[in-house]
2 protein chains.
Amino acid sequence: MATDIPDIVIGRLPIYLRELTRLAEEGKQKTTSSHELGHRLGISSAQIRKDLSHFGEFGKQGTGYHIGYLTEQLSDILRLSSEWDVAVVGAGFLGHALAHYNGFLDRGFRIACIFDNDPQKVGEKMGELIVQPDTDLEKIIKHKQIKVAILAIPPHVAQPMTDRLVNAGVKALLSYAPIHLTVPEGVQVSYSDPVIQLQRMTYYL
Amino acid sequence: MATDIPDIVIGRLPIYLRELTRLAEEGKQKTTSSHELGHRLGISSAQIRKDLSHFGEFGKQGTGYHIGYLTEQLSDILRLSSEWDVAVVGAGFLGHALAHYNGFLDRGFRIACIFDNDPQKVGEKMGELIVQPDTDLEKIIKHKQIKVAILAIPPHVAQPMTDRLVNAGVKALLSYAPIHLTVPEGVQVSYSDPVIQLQRMTYYL
DNA sequence: CACCTTTCGTGTAAGATTTCACAATGATAG
DNA sequence: CTATCATTGTGAAATCTTACACGAAAGGTG
């Protein structure tokens with residue numbers, strides 16, 4: 001009930017968590033079922049039950065899952081009980097969008113700082129934050145013990161910046177730069193490239 | 001060699017294409033091998049060969065793959081030989097970022113129009129474009145025969161907007177709204193929710 | 001209480017995906 | 001021309017993932 005849980009299962013937990021939160025917001029009910037959850041997400045009920053069964057027995061026969069309880073459990077499993085400070089690197093349009101996005105706070109993350117190497121942008125106010133010079137990056141990340149960063153910079157500087165971040169202690173990286181990044185063992189990387197996603201769909205058109 | 005190709009294989013083709021383009025830009029060589037490509041992408045060479053073999057025999061024993069030729073073939077397979085017009089819905093910070101992103105054009109897509117329902121934003125200049133009122137959405141999408149759209153709007157309006165887009169003829173949708181969308185058969189949907197991606201990584205920290 | 005309905009958790013079967021490993025082919029060098 | 005090396009394409013094996021189907025619980029009803 002601990003190690004050896006497939007990545008693909010972990011990958012679905014945040015989806016379940018998000019939908020549970022929506023259900024709670026709708027507030028019409030205290031419990032849900034694998035069938036209802038699956039129907040809303042386009043996933044089979046069996047898969048949801050099997051996924052959850054990796055971590056314990058959260059449901060009750062005949063009733064289903066208590067929404068509040070399952071939400072708590074999933075949050076714990078995903079280490080979201082306390083907030084993660086996040087560093088955003090790059091204060092361009094995308095950095096702007098990230099800094100102003102208010103969807104992080106409720107879901108376990110807080111943008112703690114934003115960096116840029118352009119002296120024109122340094123000092124600029126962005127949401128609650130002020131753009132910091134990238135020369136202070138290591139100092140601030142180490143001081144705040146930041147483990148999570150988002151890359152919103154051009155591709156040709158993404159790998160060196162990744163190296164700097166990892167060196168400063170970052171362990172999880174979400175990159176919007178359209179290149180594959182190389183990181184040491186134990187560092188997590190996730191990518192978001194809208195063009196890749198669009199290209200995956202055009203095949204079927 | 002035609003139908004019945006696994007989605008997961010299609011999903012990797014854009015990654016190969018992107019890396020081939022990078023190789024071409026580096027310009028040091030005319031050919032590459034499954035081994036080199038795999039090494040650069042963290043994918044096994046066998047997988048790359050098997051993936052490509054679904055579509056034909058693009059390589060040459062002893063030599064590998066001609067970069068230019070393989071790039072062309074993949075572009076064709078993914079229907080990227082001519083550009084797709086894309087509608088962006090939502091002219092907030094994210095819509096801004098998308099409208100100004102210049103990584104689309106080289107890779108098969110052109111932002112053709114951007115919509116918002118806020119009268120204050122309508123008429124605003126954004127990159128090359130002017131924000132259109134969402135009331136004109138159906139008219140413009142039908143007229144330009146737009147098949148691809150990007151959703152950059154709040155979650156509570158995402159499903160109704162999806163319905164409108166699909167109704168107007170959109171067949172592929174990239175959504176930044178943090179909810180699951182329901183669409184008819186034959187319409188492609190892809191999601192991008194940074195929080196989901198971050199939550200997938202925190203489990204491992 | 002007896003019966004019916006709902007829904008979970010799970011062993012097993014089915015299906016999908018990846019890896020292995022090798023014959024075949026082409027290039028290169030002496 | 002022959003030997004050597006690199007690399008592909010692919011059948012078969014191994015591994016991973018999903019779907020099926022059912023016993024067992026829990027709640028509701030009369």
Side-chain angles (χ1 to χ4, degrees), chain A residues 1-16 19-20 23 28-74 77 200 203-204, chain B residues 1-16 19-20 23 28-74 77 200 203-204:
Chain A
M1 207 223 283
T3 35
D4 218 39
I5 297 179
D7 290 356
I8 199 161
V9 172
I10 303 299
R12 280 188 294 260
L13 299 186
I15 309 268
Y16 301 158
E19 198 63 27
L20 286 167
L23 275 164
K28 289 173 203 119
Q29 36 185 8
K30 287 251 179 306
T31 66
T32 186
S33 65
S34 60
H35 184 80
E36 180 181 42
L37 210 47
H39 181 74
R40 293 176 63 122
L41 292 173
I43 293 177
S44 84
S45 60
Q47 177 148 87
I48 291 177
R49 290 199 302 280
K50 182 143 283 199
D51 283 353
L52 297 178
S53 77
H54 282 100
F55 303 95
E57 309 197 351
F58 302 131
K60 206 189 268 187
Q61 281 103 329
T63 309
Y65 300 94
H66 183 89
I67 294 174
Y69 177 67
L70 186 53
T71 301
E72 263 177 42
Q73 293 299 307
L74 288 178
I77 292 165
R200 280 172 182 160
Y203 173 81
Y204 298 97
Chain B
M1 206 228 283
T3 35
D4 218 39
I5 298 181
D7 290 356
I8 199 160
V9 172
I10 304 300
R12 281 188 293 261
L13 299 187
I15 309 267
Y16 301 158
E19 197 64 25
L20 285 167
L23 275 164
K28 289 175 202 117
Q29 35 187 5
K30 288 249 179 306
T31 66
T32 186
S33 65
S34 60
H35 183 81
E36 180 181 42
L37 210 47
H39 181 74
R40 293 178 63 125
L41 292 173
I43 293 177
S44 83
S45 61
Q47 178 149 85
I48 291 176
R49 292 199 302 279
K50 181 144 282 197
D51 283 352
L52 296 178
S53 76
H54 282 99
F55 303 95
E57 308 197 352
F58 302 130
K60 206 188 271 187
Q61 281 102 329
T63 310
Y65 300 94
H66 183 91
I67 294 174
Y69 177 68
L70 186 53
T71 301
E72 263 177 43
Q73 293 298 308
L74 288 178
I77 291 165
R200 280 173 180 161
Y203 173 81
Y204 299 97

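Just so it is clear: chains get the letters A, B, ... in the order the sequence lines come, proteins before strands, and each one is counted from 1. Note: hydrogens, waters and symmetry copies are ignored here, and every other heavy atom, side chains too, is used.
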Look up atom NE2 in A:His39 and atom CD in A:Glu19, then write down how far apart they are to the nearest 0.5 Å. 11.0 Å
The residue, A:Lys50 or A:Lys60, whose nearest nucleotide of DNA chain C is more 5′ is A:Lys60
Here the pair of heavy atoms bringing A:Phe55 nearest to A:Val9 is CE1-CG1, 4.1 Å
Name the nucleic acid region contacted by B:Ser34, choosing base, sugar-phosphate or nothing; use a 4.0 angstrom heavy-atom cut-off, strictly under. sugar-phosphate
With DNA chain D as reference, determine whether B:Thr32 or A:Gly62 sits nearer its 5' end, using the nearest nucleotide of each. B:Thr32
Boundaries of the DNA chain D segment in contact with chain A, non-hydrogen, under 4.0 Å: D:dT17 to D:dG27
Distance under 4.0 Å to a non-hydrogen atom of chain B counts as contact; along DNA chain C, which nucleotides mark the start and end? C:dT17 to C:dA27
Minimal non-hydrogen separation, A:Asp7 against B:Tyr204, with atom names: OD1-OH, 2.7 Å
Residues touching DNA chain C, which here means a heavy atom under 4.0 Å, drawn from residues 64-72 of chain B: none
Gap between atom OG1 of A:Thr63 and atom NZ of A:Lys30 - 0.5 Å precision: 14.0 Å
Which heavy atom of A:Gln29 sits nearest to which heavy atom of A:Leu23, and what is that distance? NE2-CD2, 3.2 Å
Output for pair (A:Leu37 CG, A:Thr32 OG1), nearest 0.5 Å, gives 5.0 Å
When rounded to the nearest 0.5 Å, the distance separating CG of A:Asp51 from CG of A:Leu74 is 10.0 Å
So does A:His35 have more than 12 non-hydrogen atoms from other groups sitting under 6.0 Å from NE2? no
Rounded to the nearest 0.5 Å, how far apart are OH of A:Tyr16 and CD1 of A:Ile48? 4.5 Å
Rounded to the nearest 0.5 Å, how far apart are CZ of A:Phe58 and CG of A:Leu52? 6.5 Å
